Undergrad: 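Provided herewith is a single structure, encoded as structure tokens, for subsequent inquiry.
Nothing here was measured: the structure is a model prediction, and the numbers come from that model. Counting from 1, the numbers follow the sequence of the chain as shown.
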Amino acid sequence: MRAIRRFTVRTVLPAELADLDDLAHNLRWSWHAPTRDLFASVDEALWAEVAGDPVALLGALGPERLAALAQDEAFVGRVHAAAADLRRYLTAPRWYQEQDKADLPASIAYFSPEYGITSVLPQYSGGLGILAGDHLKSASDLGVPIVGVGLLYGSGYFKQSLTRDGWQLETYPVLDPDGLPLTLVREEDGSPARVSIDLPGGRTLNANIWSAAVGRIPLLLLDSNIPDNDELARKVTDRLYGGGGEYRLQQELLLGVGGVRALRVWSRLTGAPAPEVFHMNEGHAGFLGVERIRELVTERGLDFDAAREAVRASTVFTTHTPVPAGIDRFEARLVAQYFGGDNAVDGIPVERVLELGAEDYEGGDPLLFNMAVMGLRLGGRANGVSLLHGDVSRDMFNGLWQGFDSAEVPIGSITNGVHSPTWVDRKLADLAASRLTPEEIATGSGWLRPDGVSDAELWEVRHELRAQLVADARARVGSSWHQRGASPAELGWLDDVLSPDVLTIGFARRVPTYKRLTLMLRDTDRLRALLTDPERPVQLIVAGKSHPADDQGKRLIQQLVRFADEPDVRHRIVFLPNYDIGMAQTLLPGCDVWLNNPLRPLEASGTSGMKSALNGGLNLSVLDGWWDEWFDGENGWAIPTADGVDDAERRDDLEAAALYDLIEHQVAARFYDRDERGLPVHWLEMVRHTLATLGPKVQATRMVADYVRHLYVPAAVAGRDLDEDDFAGARELARWKERVRAGWSHVRVDHVESGGVSDVPQVGDELHVKAYISLGDLTPQDVEVQVLHGRVTENDELTTFSVAALDVAETFELGRYSFAGVVRLEASGPFGYTVRIVPRHRGLTSVADVGLVANAAG
């Protein structure tokens, strides 16, 4: 019989155990092993049954057990000690508090559509959410005052299972917020704190605010499933990435607009400082900029342009997307319905809002509103998530800054990292802690110390991690086959699935086509030979979800599953359904090699390989994302790519062949090369090198510190500069830009002269450059005249160049001037130069900020 209503009844804890509730509701337990040990000690069998969920554990305890625990002085003492440790963690100064406080923002708002913190709080689909979760955790460890903002999805993403013939099925279990490690934010009178957004047709979208404590970091999650909403509005937060069109638009309005309003409520109720910096983790949250503009227009009296400047200065935008197809785009006329008509706000013309996301550049679609474009136009500082992805992003969005070389597009890069305490298996962490100093672990140097961790000890723990994975994988394969309808009589072979002694390669990620789940199947005979080699066998563990609407991705999964089902290989290759954090925490440490074979350069970063490396796994990957940056020849293997081959089938064949060759002749050969002690000494050298060199680089604490230094602090300083004296700086900058744009049609380079070098220029010579320019109504203070110089191609293209400013030399009539300067020839080879004029103002974040340039004619 089906219940008509469902809710969770919370346990009332004895006073002696009251601290357990605080410990359960602060998600630090998800990366703090001693706290998990405390909960596990309550009832190890029950702890396993609730899959390591402290809230569920406390809810499952009966009054008798609670009373007995309350009388157990030793246990009560452990509870109090754990609570005191948590309080110290939450209040003691950390890295951020030790920095120069003058420029540090008091608070940073971090917006993301998904957060992967723990499998207990399933609000993530893949890498973007896991990255966001690791960002918050590492910010907590560093003491960075971030406030996270997101949505609370009633069913999370989806749970994945398989049909008998290997087709992906999706189910959406309903989550009860009262059964999650969340707290409903309430007004002082006890009523739920809410935010509201006006919708077309006189409708209203209301949302409750739930908070999750991620260590020191509050995470605010908006939930529209409340009685005050009509049926459609209640469904806005029912699923992560479920549906499209207007449904997704309303989700992103709630995230951006509702998120800013939730932050104001949070500050009002808790006294928390208002955020000085706003960070958009992808374009989904772009409407936060529109809401902040609305605040400044309606509450502070700024006009739209001045408000936009104030918002841009203090906004950071991170793009994770290497392909245009990965960007959310909506029909412009649909967006207009939410900001015009009855929803219009005085001072916020709907056409100005639409300009923010307009694809008004070559190749763009004028009928669409692009969320990433809005993010870039509202983000004074922008970054990709690896060095290579920064290059890809500058090329992809170059149309927004016409006239500038892609190298000058104002998108930098901060390479992603991962939260080590979450992803390093405890067995390896305990071994390191028992043999190495904290400094040696942090720098990685301890792994290279001969008298630290011995080869035998390192190999033994790697074997334990592999055996742990094999046991988990067998259980998951068995469960999957039962769900697929197999009878016990058909499953006798499960006891022989995988082996703790065989080279184990892992591949797990989302399943869009560019990640090439089935590249390994290009030559099934060759793969079968690798898997069943009698001397040097290989085993593959594969996992991943396809988006529910992506039938092509589902077909790839089905193709892989059907191969893995074949009787002669099913003991050496398995597909594990429902890839999530819980699975990853066993899968990643247990694999000897982590495989990644996307179409280069379509992997923005790809952090799963980082997690493998932290556990002593070696990467086998296409040189894409972070691997392109940090592969050094000793920390794994680079799969050669057939760049320039236009035929996709031919390219896949070539790269698959290269993959098979690497596995057979290098990876397996080294893994099975043992000394007289049975140890793969050369393999372990690579493991040590990986732990020593990659370990410090791939840390999310390094990533967050980079964000603080290179983005958050500059954004806070720029925001304060424009906010001072009732936003005098923002008003002045907006007026200046308006004047420069109005007069730019009269700006040009009239003539360029050079001299000072002989007919045979030599290194060390000085080239004298003089440019005659017209500025119309602008002044030399409004512009910078630059000479760009460097190596040129046969077509006179400057491939790499340096920039030097020229100084005013003479003033003529009618807005004409000459500028002059000297360029020293520093390198031999083909040399070229050109001259250009760009706007100049102390409030600009880059030379391309205004998007205006006047280049000298060729």
Side-chain angles (χ1 to χ4, degrees), residues 6-92 94 115-123 133 136-137 140-141 148 152 175-186 190 209-221 270 419 421-422 426 429-430 581-582 585:
R6 180 181 186 274
F7 55 86
T8 298
V9 180
R10 288 200 171 183
T11 300
V12 178
L13 295 172
E16 297 88 345
L17 305 179
D19 286 336
L20 283 176
D21 192 62
D22 291 335
L23 291 167
H25 279 81
N26 191 302
L27 292 171
R28 187 182 73 142
W29 62 257
S30 68
W31 72 90
H32 189 247
T35 304
R36 295 197 302 277
D37 289 345
L38 174 66
F39 283 111
S41 70
V42 171
D43 186 326
E44 290 191 3
L46 183 59
W47 179 247
E49 185 180 323
V50 299
D53 180 349
V55 173
L57 177 79
L58 296 180
L61 293 174
E64 297 83 2
R65 180 57 177 155
L66 289 171
L69 289 170
Q71 297 302 311
D72 184 339
E73 292 184 5
F75 181 78
V76 171
R78 290 177 63 199
V79 171
H80 291 166
D85 179 72
L86 177 60
R87 286 192 290 271
R88 284 191 297 273
Y89 174 83
L90 298 178
T91 58
R94 305 189 76 82
Y115 288 91
I117 297 164
T118 165
S119 54
V120 168
L121 190 62
Q123 301 291 307
L136 296 194
K137 293 174 186 176
S140 176
D141 290 343
L152 180 63
L175 303 174
D176 180 2
D178 285 317
L180 300 174
L182 300 172
T183 301
L184 184 62
V185 178
R186 296 183 180 276
I209 307 168
W210 294 84
S211 68
V214 187
R216 299 165 71 115
I217 307 300
L219 169 59
L220 307 181
L221 300 173
T270 66
H419 185 246
T422 295
R426 192 168 181 184
D430 287 349
I581 289 175
Q585 288 174 319

Undergrad: Run the side-chain contact (heavy atoms from CB on, under 4.5 Å) check on L121 and L182 step by step: do they pass?
TA: CA-CA 9 Å; L121 190 62; L182 300 172; 4.1 Å; yes
Undergrad: Shortest non-hydrogen contact from I117 to G133?
TA: CG1-CA, 3.9 Å
Undergrad: When you measure from the side chain of W210 to the backbone N and O of L221, does any donor-acceptor pair fall under 3.5 Å?
TA: no
Undergrad: As an exercise, state the distance from CG of L13 to CG of D19, rounded to the nearest 0.5 Å.
TA: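 Going from the CG atom of L13 to the CG atom of D19 covers 10.0 Å.
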Undergrad: Could you go through the side-chain contact (heavy atoms from CB on, under 4.5 Å) check for Q585 and T422 one step at a time?
TA: CA-CA 8 Å; Q585 288 174 319; T422 295; 3.6 Å; yes
Undergrad: According to side chain to side chain donor-acceptor pair (under 3.5 Å), does anything in residues 59-79 pair up with another residue at least two apart or in another chain? List the pairs.
TA: S41-R78
Undergrad: Please report the shortest heavy-atom distance between L66 and L17, naming the atom on each side.
TA: O-CD1, 3.7 Å
Undergrad: Tell me, with the steps shown, if S211 and V185 meet side-chain contact (heavy atoms from CB on, under 4.5 Å).
TA: CA-CA 7 Å; S211 68; V185 178; 4.0 Å; yes
Undergrad: What's the spacing between T91 OG1 and R216 CZ if we round to 0.5 Å?
TA: 7.0 Å
Undergrad: Can you tell me how far the CD atom of E44 sits from the CG atom of D37, to the nearest 0.5 Å?
TA: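 One gets 9.5 Å once the value is rounded to the nearest 0.5 Å.
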Undergrad: Can you name the nearest heavy-atom pair linking D141 to H419, along with the distance?
TA: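 That would be OD2-NE2, 2.7 Å.
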Undergrad: Kindly determine whether L86 and T35 satisfy side-chain contact (heavy atoms from CB on, under 4.5 Å), including the steps that lead there.
TA: CA-CA 9 Å; L86 177 60; T35 304; over 6 Å; no
Undergrad: Of L38, D85, L27, which meets side-chain contact (heavy atoms from CB on, under 4.5 Å) against H32?
TA: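 That would be D85; it is the only one of L38, D85, L27 passing the side-chain contact (heavy atoms from CB on, under 4.5 Å) with H32.
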Undergrad: Kindly assign one of parallel, tilted or perpendicular to the pair F39 and W47, based on the angle between their ring planes and the thresholds 30° and 60°.
TA: parallel
Undergrad: What is the distance from atom OG1 of T118 to atom CD1 of I581, rounded to the nearest 0.5 Å?
TA: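 Interatomic distance, T118 OG1 to I581 CD1, rounded to 0.5 Å: 6.0 Å.
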Undergrad: Taking atom CG of L152 and atom CD1 of I209, what is their separation to the nearest 0.5 Å?
TA: 12.0 Å
Undergrad: Considering all heavy atoms of both residues, which atom of G215 and which atom of Y89 are nearest to each other, and what is their separation?
TA: CA-CE2, 3.9 Å
Undergrad: Starting at CG of L219, measure out to CD of Q123 and round the result to the nearest 0.5 Å.
TA: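 CD of Q123 is found 9.0 Å from CG of L219.
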Undergrad: Minimum heavy-atom separation for V76 and A70, please, with both atom names.
TA: CG2-O, 3.5 Å
Undergrad: How far apart are the closest heavy atoms of L58 and A24, and which atoms are they?
TA: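 Smallest heavy-atom distance, with atoms named: CD1-CB, 3.9 Å.
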